There are 2 protein chains.
Amino acid sequence: AALVPPKTAPEIQNISMNNLTATANPLKNQEKLLILTPLARFYDEYWQNLLNINYPRNLIELGFITPKTHGGNLATVKLQEALRKVQNGSKKNRFAKVTILRQDFSMPVGTSEKERHAMKAQKERRASMARARNSLVFTTLNPTIAWVLWLDSDIVETPPSLFTDLAKHDKPVIVPNCFQRYKEAGVWKERPYDFNSWQDSETAQNLGKKMKEDDILLEGYAEMPTYRALMAYQRDEKGDKRTEMQLDGVGGTALLVKAEIHRDGAMFPTFPFYHLIETEGFAKMVKRLGYQPFGLPNYLVYHYNE
Amino acid sequence: AALVPPKTAPEIQNISMNNLTATANPLKNQEKLLILTPLARFYDEYWQNLLNINYPRNLIELGFITPKTHGGNLATVKLQEALRKVQNGSKKNRFAKVTILRQDFSMPVGTSEKERHAMKAQKERRASMARARNSLVFTTLNPTIAWVLWLDSDIVETPPSLFTDLAKHDKPVIVPNCFQRYKEAGVWKERPYDFNSWQDSETAQNLGKKMKEDDILLEGYAEMPTYRALMAYQRDEKGDKRTEMQLDGVGGTALLVKAEIHRDGAMFPTFPFYHLIETEGFAKMVKRLGYQPFGLPNYLVYHYNE
Ligand SMILES: Nc1nc2c(ncn2[C@@H]2O[C@H](COP(=O)(O)OP(=O)(O)O)[C@@H](O)[C@H]2O)c(=O)[nH]1
Ligand SMILES: Nc1nc2c(ncn2[C@@H]2O[C@H](COP(=O)(O)OP(=O)(O)O)[C@@H](O)[C@H]2O)c(=O)[nH]1
Ligand SMILES: [Mn+2]
Ligand SMILES: [Mn+2]
């Protein structure tokens, strides 16, 4: 005889993971999206772009983790004010759920772009960023979520179709190219910003083999040339925005992940994992879990210029 | 001027992780416990022991993941019936929350103890078990949880004080010794069951060094002697139950983890991680995250005897 499942008692959530699809057409399948942002600074442009995402709010949950520093407190207050406007507004414009985590550990180094990128500071800093990202995803990924969009708070230009554009590729992990606008002699130009999206090289592999277990490979530093194929340099301004490339390392400024991949165990290594940490180590972990990350060299998002 | 946090809008959850302690005295601090069970078979003894845990139900959440096999369906029905009795009963006896996940992938091999333990089947099987455990913890660990107790459904003897006894040690990860009762010539005896809790040996380390990246070390097989110090054999029947030992591998039949450790990124490797998978790989990951797992050789829980 067929098994008739008994009526559900109060406080019992039954979830059939078979029904939890993540497809090229999320809207059609009413797939739920979780947008996750580690947030140390609040940018109005980031917030406007988030509000402009063309996907129903009732299918979007938001998660933030903010540091308990003076800057982090300020950013949290701004975030809460922005959120109150939306969540107190008309019901159909509200996000399904919002979680703000106040981080209980502090970050090692300073806040200027120069300080953040000094090579010796990178390992500790990125380990802490990984820890913040793990705390965020481990505590907000409820059983109904199909997609996770990682979006840094200093990404100030993204199209409203960011989520659906990326989802259309139907990849386990996919990352756009992150650039930065700057002014030179009064003229606005643009340059690559994020060097964490790359295809591996033999040089880097061999460097890794000679390193101690706890040493890490870093990208974008002249003192350690890796000869990896950086997605940052593969951009063809006139090329098709839908062009894909396989990646072995990914950046996290904007990063779409099928929730299933996180559920399988994909986290951001806080320790050197194949000599990689944070989002680069994440890509390696995704590969060890049996999936292939992809990048879109001609699809741009823009990082704030301090 | 001091920052006054704005009033929280609907659907906004603000969590200060500083307030989320996991201490030697969980009750005093009203710390929340999440009990997680991958459940392929439902045992009444397991359920009775769970109901007998002497910790307030309003501080306990439960999470289960069950396979979509015939046996898994049956177990799910039994679980739901058992849960309905509790959750429809008086409010103060209800668990704070219950989640049942129906697994969307299948397990590789058969169900008899002999079949499960055949060496060549172990790798694939334990990788799948790791995947099930990851799905479970990634989707049920909400931001309010302080402790995670992993408890297999075929652990049929545990004291009501299991959680508070283990928590009292105030360790990031702690595991009791898992034995099994059996009858010999009409007399009840007991023997070690779980060989996944151990201290590493040089022999095992050297075996690992000679292996290919995707090969794994397994414990408890005569064809691969590791000379690790197994907690199973360290039991002193007359010894203090509170005796601790440091571990490099842990079993998952009963396993208490501070939620912070999972949040930092501790998952169950589904791929060979230092030639270890599932709960043994978990212990290695905990160590890479900077924590030391512990075991209690004289504190016993008992596994069902098929
Ligand atoms: N929770 C948390 N988020 C941070 C911290 N530092 C930076 N962030 C956020 O994490 C993201 C990446 O950090 P950022 O400093 O921009 O890194 P970079 O652009 O790679 O140099 C941004 O969204 C920041 O707002 C921190 O200490 N804690
Ligand atoms: N979700 C899920 N749980 C399983 C599956 N197989 C076993 N389990 C459960 O996982 C735990 C460990 O599995 P078990 O077969 O007892 O492993 P062993 O005792 O180490 O041989 C028990 O609680 C089982 O009920 C499965 O295919 N899916
Ligand atoms: Mn940035
Ligand atoms: Mn078992």
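Residue numbers start from 1 in every chain, and the chains themselves are labelled A, B, ... in the order their sequence lines are given, proteins ahead of strands. Bear in mind that the values here come from a model prediction, so they are computed numbers and not experimental data.
When the shell of 6.0 Å around CD of E213(A) is examined, it contains more than 12 heavy atoms from other residues, nucleotides or ligands. Atom NZ of K78(B) has 12 or fewer neighbouring heavy atoms from other residues, nucleotides or ligands inside a 6.0 Å radius.
Using a 4.5 Å cut-off between heavy atoms, R133(A) makes no contact with chain B at all. Using a 4.5 Å cut-off between heavy atoms, P272(A) touches chain B through backbone and side chain atoms alike. Heavy-atom distances place no part of A259(A) under 4.5 Å from chain B, backbone and side chain included. With a 4.5 angstrom heavy-atom cutoff, K85(A) does not touch chain B via any of its atoms. Neither the backbone nor the side chain of A127(A) comes within less than 4.5 Å of any heavy atom in chain B. Heavy atoms of A266(B) lying under 4.5 Å from chain A belong exclusively to its backbone. At a 4.5 Å heavy-atom cutoff, the contact between F273(A) and chain B is made by side-chain atoms alone.
Using a 4.5 Å heavy-atom threshold, the side chains of F105(A) and E260(B) count as separate. With contacts defined as side-chain heavy-atom distances shorter than 4.5 Å, the pair F138(B)/V137(A) qualifies. Side-chain atoms of N134(B) and D264(A), non-hydrogen and from C-beta on, never get closer than 4.5 Å to each other. A heavy-atom distance below 4.5 Å is not found between the side chains of R102(A) and N18(B). The shortest distance between side-chain heavy atoms of R263(A) and T139(B) falls below 4.5 Å.
Among S16(B), A130(B), G63(B), the residue making the largest number of heavy-atom pairs under 4.5 Å with chain A is S16(B). Most heavy-atom pairs under 4.5 Å with chain A: of the set A132(B), G265(B), A96(B), P269(B), this distinction falls to G265(B). For the options D104(B), L136(B), I145(B), L289(B), heavy-atom pairs under 4.5 Å to chain A are most numerous at D104(B).
For the atom pair H262(B) NE2 and S135(A) OG, the distance stands at 13.0 Å (nearest 0.5 Å).
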